[in-house]
Enquirer: 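Here it is: the structure, laid out below.
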Number of protein chains: 2
Amino acid sequence: MQKRKTLENRDPLLQAVATRIRALREGKGIAQEVFAYEAGIDRSYYGGIERGKYSPTAINLAKIAVALDVEVGELFPGREELVVLLTSHN
Amino acid sequence: MQKRKTLENRDPLLQAVATRIRALREGKGIAQEVFAYEAGIDRSYYGGIERGKYSPTAINLAKIAVALDVEVGELFPGREELVVLLTSHN
DNA sequence: CTGTGACTCTTAGTCCGTA
DNA sequence: CTACGGACTAAGAGTCACA
């Protein structure tokens, strides 16, 4: 995938997405544990997503967006920012 | 992941995303080969995405959206349709 | 120009447990 | 309630060759 080191993923794009997801979940005042269950994904893995550790697939992004009751697009930064995030590193 | 059959991915959500991506690319009148190169991903792998074979990760979705010059959200169906697609199968 | 099979390697994703 | 680690399985990432 993103030829990355096995430990500690610090991809800025993932961090941006992670932060948005966490903010939306906390906005609903619901715990990771409960939210992950509702979204139908593992709590441990979901926690990793909020920490920017994983690059969730289209299907899981859709599950999360639905559970958060928002559009998938709201989980990502805008086009302009994406360009920066994608070119700022690898 | 999606506790699904090992061969032939026919997830309706992936098909929906795949169709949108293909339509957008063709709208630009550009070949898979050229587009994949611009997006920085392998031609063969990219072809698989357009066939709904893979559930691309957040990072690849971002690369594709940027190359298509659209928002990531435009690659996904709206919330209402997502609910249907996510519950219509597994 | 695109679809696929085959293959290798890495990561997504699950499950358990502990601080 | 959240972070994180280990162990493991399934699937994505990436490349080639050929129809």
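In this text the structure is predicted, and so the values were computed from the model without any measurement. Residue numbering restarts at 1 for every chain, and letters A, B, ... go by the order of the sequence lines.
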Enquirer: Under 3.5 Å, sequence neighbours excluded: what are the donor-acceptor pairs made by side chains of residues 28-39 of chain B?
Expert:
from: B/K28; atom 1: NZ; to: B/A67; atom 2: O; distance (Å): 3.4
from: B/Q32; atom 1: NE2; to: B/E50; atom 2: OE1; distance (Å): 3.0

Enquirer: Rounded to whole angstroms, how far apart are OH on B/Y46 and P on D/dT15?
Expert: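 Checked: the OH to P distance equals 16 Å.
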Enquirer: Can you tell if the side chain of A/D11 reaches within under 4.5 Å of the side chain of A/S55, non-hydrogen atoms only?
Expert: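 Not touching, per the 4.5 Å side-chain cut-off.
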Enquirer: Write down the distance between NZ (A/K53) and C1' (D/dG6), rounded to a whole number of angstrom.
Expert: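 A/K53 atom NZ is separated from D/dG6 atom C1' by 10 Å.
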Enquirer: Taking CD1 from A/I49 and P from C/dA12, how many angstroms apart are they, rounded to a whole number?
Expert: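 Taking atom P of C/dA12 as the reference, CD1 of A/I49 is at 9 Å.
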Enquirer: Do A/L75 and A/L68 make a side-chain contact, defined as non-hydrogen atoms from C-beta onward lying under 4.5 Å apart?
Expert: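 Side chain of A/L75 against side chain of A/L68, heavy atoms only: contact under 4.5 Å found.
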Enquirer: Mind checking what makes ring-ring contact (aromatic ring centres under 6.0 Å, His included) contact with B/F76, not counting sequence neighbours?
Expert: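 B/F76 satisfies ring-ring contact (aromatic ring centres under 6.0 Å, His included) with no other residue.
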Enquirer: Heavy atoms only: give me the nearest B/A58-A/L13 pair and the separation to one decimal.
Expert: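 For B/A58 versus A/L13, the nearest heavy atoms are O-CD2, 4.4 Å.
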Enquirer: Return the value, rounded to whole Å, for the distance between atom OH of B/Y54 and atom C1' of C/dA12.
Expert: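 One finds 15 Å between C1' of C/dA12 and OH of B/Y54, rounded.
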Enquirer: Between A/R22 and D/dC1, is there a contact of a side-chain N or O with OP1 or OP2 at under 4.0 Å?
Expert: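 Negative; the distance criterion is not met.
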Enquirer: I want to check one thing: is the phosphate of D/dT2, taken as OP1 and OP2, less than 4.0 Å away from some side-chain N or O of A/R25?
Expert: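 A/R25 to D/dT2 OP1/OP2: side-chain N or O found under 4.0 Å.
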Enquirer: Using a cutoff of under 3.5 Å, can you pull out all pairs of nitrogen or oxygen atoms linking the protein to nucleotides 16-18 of chain D, with atom names and distances?
Expert:
from: D/dC16; atom 1: N4; to: B/S44; atom 2: OG; distance (Å): 2.8

Enquirer: Report yes if a side-chain nitrogen or oxygen of B/R51 is closer than 4.0 Å to either non-bridging phosphate oxygen (OP1 or OP2) of C/dT2; otherwise report no.
Expert: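 For B/R51, the contact criterion (side-chain N or O under 4.0 Å from OP1 or OP2 of C/dT2) is not met.
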